[in-house]
Number of protein chains: 2
Amino acid sequence: MRHQGKKKATIYDLSVLSGCSPSTVSAVLNGTWRKRRIKQSTAELIQRLAEQHRYTANLQARGLRNSRSGLVGLLLPVHDNRYFSSMAQTFEAEVRSHGKCPIVVSACRDPREERATVETLISYSIDELFIAGATDPDGIHLLCEAAGIRHINIDLPGTKAPSVISDNYEGARMLTEAIIQRLSATGPVKPDQIYLFGGRNDHASHERIRGFRDAQKQRLGADPDQCIQPTGYSPDMSQKAFEAFYEREGRLPRGLFINSSINFEGLLRFLAQHPHETFADIVVGCYDYDPFGSFLPFPVLMIRQDIERMLAKAFEIMEEPRPAVEIHLIRPELVQPRTALTGPLDLIREIDV
Amino acid sequence: MRHQGKKKATIYDLSVLSGCSPSTVSAVLNGTWRKRRIKQSTAELIQRLAEQHRYTANLQARGLRNSRSGLVGLLLPVHDNRYFSSMAQTFEAEVRSHGKCPIVVSACRDPREERATVETLISYSIDELFIAGATDPDGIHLLCEAAGIRHINIDLPGTKAPSVISDNYEGARMLTEAIIQRLSATGPVKPDQIYLFGGRNDHASHERIRGFRDAQKQRLGADPDQCIQPTGYSPDMSQKAFEAFYEREGRLPRGLFINSSINFEGLLRFLAQHPHETFADIVVGCYDYDPFGSFLPFPVLMIRQDIERMLAKAFEIMEEPRPAVEIHLIRPELVQPRTALTGPLDLIREIDV
DNA sequence: CGCTTTTGCACAATCGATGGTGCAATCAAT
DNA sequence: ATTGATTGCACCATCGATTGTGCAAAAGCG
């Protein structure tokens, strides 16, 4: 069967070929033919023709008619770090297993971009939207609600839709305590020897800062304000903060709590500018796991957010008929230095070469 | 203006509200109204109403009518590493700047999955497809051609569509020579002291192996077969290969050429199982750049593929009316150890916090 | 053999946007 | 005032699939 030039076969083509009506063809090909009492032999005839002519449904037409598309969206702040790329990977697998088509888009942590992107997705009649790390979850909620689209927040919570997030407070406590413990091995630790870098005015940062300060106060007796250095989510800004500190103090803090792997990249840039000795005796904790980051030449403690469980929970909530607007906390995991965890890629079976 | 419950406004709603016909409304809202000689005042009236009622076009309907969707697809093998996530990031920005909607999907390096995914995309009438790292580019080509969809291969070439790929041979040579040079500093290098791990039966691997061997032979006088250890693209398999080597030889090779950052993760897993001394004097070269990987406690040379130029070239070719089926090589860059390069995230402006 | 059921399918409206065509009203020119 | 051009817009078919409804033919039944 030659592929006939340009046009794809439609139910009308098959209708002519089979001698049946388009509606019959449609019913056969979308599986509702038993309900519609189509003869088995008719169904088989049409299925055979469909195969011969490589028929595939025009999903835009179907979506238009059904006002649903089979698309499931994931809105990310960015693609390019292991936390979010790992989320995308896991998300895709899950959506595929539901027989739907995953759509992953990023919106650069820009509220306007976020809303514009979501409006586009809505215009394609996506069926569900997973909103990860949005700066303005409630604004997106309004758009989704107006369009009647099920949605859920991940990573950063909103107040109007159910949310599944990492237990940032607990994670930050764990991480801070682990940093302190590590540092204790090389001498007594004073509160102003541990600094938090990165993050901005979002829920996750607040919680992490709260956890950091609580642990600091509880373990070290104080939580000085100057130890908190929010730099936004930008490697460049973080680097500047490290440089500024170094300029001022002549060294890095003994303990560094870094708010995300993106900010950690700022530290890398700093490192590239300075000799080994500069960070000979520091301990770093990073809220986010990156396998390569775990093996750097100084101790790096990491928090691995449990993406699988977060997404599993989110999909579970999506199934509920009328999910409660509440925040589900998923406990993250402390990862010791020099640890190579498995990830979503390990679930992919290797094809024979 | 309350959002009226569920349904979105359509041109028909606006038609009633404005007293104009649907076609007039359509013309006004899609910008063709001057061509259609609609009065300015009519246009303004309709635009005002559209805004008040938060009209946004149903893109499925538009797509159905136009048999094009405004969607531009990028097919990736996987999301979860910095090479591909970086590509996704760059791709999105580029597509957005063309006023289209980027769709990034991964197909797990499985030819069947690849084809199924592409068929789905075609069913949504995507306008263009960028095929990155596909195992079966020519199979995908057939699908695209039958559907009349412009497409281009990136990262792995096909024989039926234009391709833009990294100059894997040159990159591998550069990397191999850099490894040898580094090793020479600590004593004379013999050919069987440098091993290549990872990759499989694809064009990129072949070229890299060729470059590796040529450099080995030229610099060291021989290129023993046993120095090539293809392990597929799986951290797990790579780890096993390292373990096997270590088991057999009691140490790692002095020089390691690792075919991709995914295989590099296999080395991490190996490292996690062994003490520092095991890799005290090794030199690693990795074909792929990962910022964290660059700062590991042993020298790591990396090849950064020039994603920006590759994509820029690909977009350029897409514009051509009838692009030639040829392979465009883009020269990658050797990255010295302890280097923190900027990436696509640096182009994102930080929002005020 | 009539009458009711069941079987098997066709018809036609619909989803929302687009664009070719046609037509009335206005205006300009003779 | 008649003709011709221009302006401004409405009409309607169309993209491909879905689905409620209706109806003829076949089958079952007394």
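Computed from a predicted structure; not experimentally measured. Just so it is clear, the values below take in all heavy atoms, side chains as well, and ignore hydrogens, waters and symmetry mates. Sequence lines set the chain letters: A, B, ... in the order given, protein chains first and strands last, and positions in each chain run from 1.
- Separating the OH atom of Tyr55(A) from the P atom of dG16(D) is a distance of 10 Å, rounded to the nearest angstrom.
- Between Asp127(A) and Lys100(A), at least one side-chain nitrogen of the basic residue sits less than 4.0 Å from a carboxylate oxygen of the acidic one, meeting the salt-bridge criterion.
- Taking 4.0 angstrom as the limit, Thr10(A) places none of its side-chain polar atoms (N or O) nearer than this to OP1 or OP2 of dG16(D).
- Atom CG of Leu59(B) and atom C1' of dG16(D) are 17 Å apart (whole Å).
- Looking at residues two or more places apart in sequence or on another chain, you find no ring pair (Phe, Tyr, Trp, His ring centres under 6.0 Å) involving Tyr83(A).
- In this structure, Arg96(A) pairs ionically with Glu92(A), as a charged nitrogen and a carboxylate oxygen lie closer than 4.0 Å.
- Taking only side-chain atoms of Thr32(B), from C-beta outward, the nucleotide of dG19(C), dA17(C), dG16(D) with the closest atom is dG19(C).
- Judged by distance alone with a 3.5 Å cut-off, no donor-acceptor contact links the side chain of Arg62(B) to the base of dT18(C).
- In this structure, Tyr124(B) places its OH atom 13 Å from P of dA17(D), rounding to the nearest Å.
- Contact annotation: Thr24(B) side-chain N/O to dC9(D) OP1/OP2 distance is not under 4.0 Å.
- Of the candidates dG16(D), dA17(C), dA10(D), dA10(D) carries the atom nearest the Cys20(B) side chain, counting heavy atoms from C-beta on.
- With rounding to whole Å, Arg68(A) atom CZ is found 17 Å from dA17(D) atom P.
- Within the 4.0 Å cut-off from OP1 or OP2 of dT19(D), not a single side-chain nitrogen or oxygen of Ser23(A) is found.
- Distances shorter than 4.0 Å separate none of the side-chain N or O atoms of Asn66(A) from OP1 or OP2 on dC15(C).
- Going from atom CD of Gln40(B) over to atom P of dT7(D) covers 14 Å, rounded to whole Å.
- We find that CZ of Arg36(B) is positioned 5 Å from C1' of dG19(C), with the value rounded to whole Å.
- For the pair Trp33(B) CH2 and dG19(C) P, the computed distance is 16 Å after rounding to whole Å.
- The side chain of Arg65(B) lies closest to dT18(C) when the candidates are dT14(C), dA10(C), dT18(C).
- Checked for salt-bridge contact, Glu44(B) and Lys39(B) miss the test: no charged N lies under 4.0 Å from a carboxylate O.
- For dA10(C), one of the phosphate oxygens OP1 or OP2 lies less than 4.0 angstrom from a side-chain nitrogen or oxygen of Ser21(A).
- Between Leu64(A) atom CG and dT19(D) atom C1' there is a gap of 14 Å when expressed in whole angstrom units.
- Ring to ring, His98(A) and Phe315(A) are close: their centroids are under 6.0 angstrom apart.
- Comparing dC9(C), dT18(D), dG16(C) by their closest approach to the side chain of Arg37(A) singles out dC9(C).
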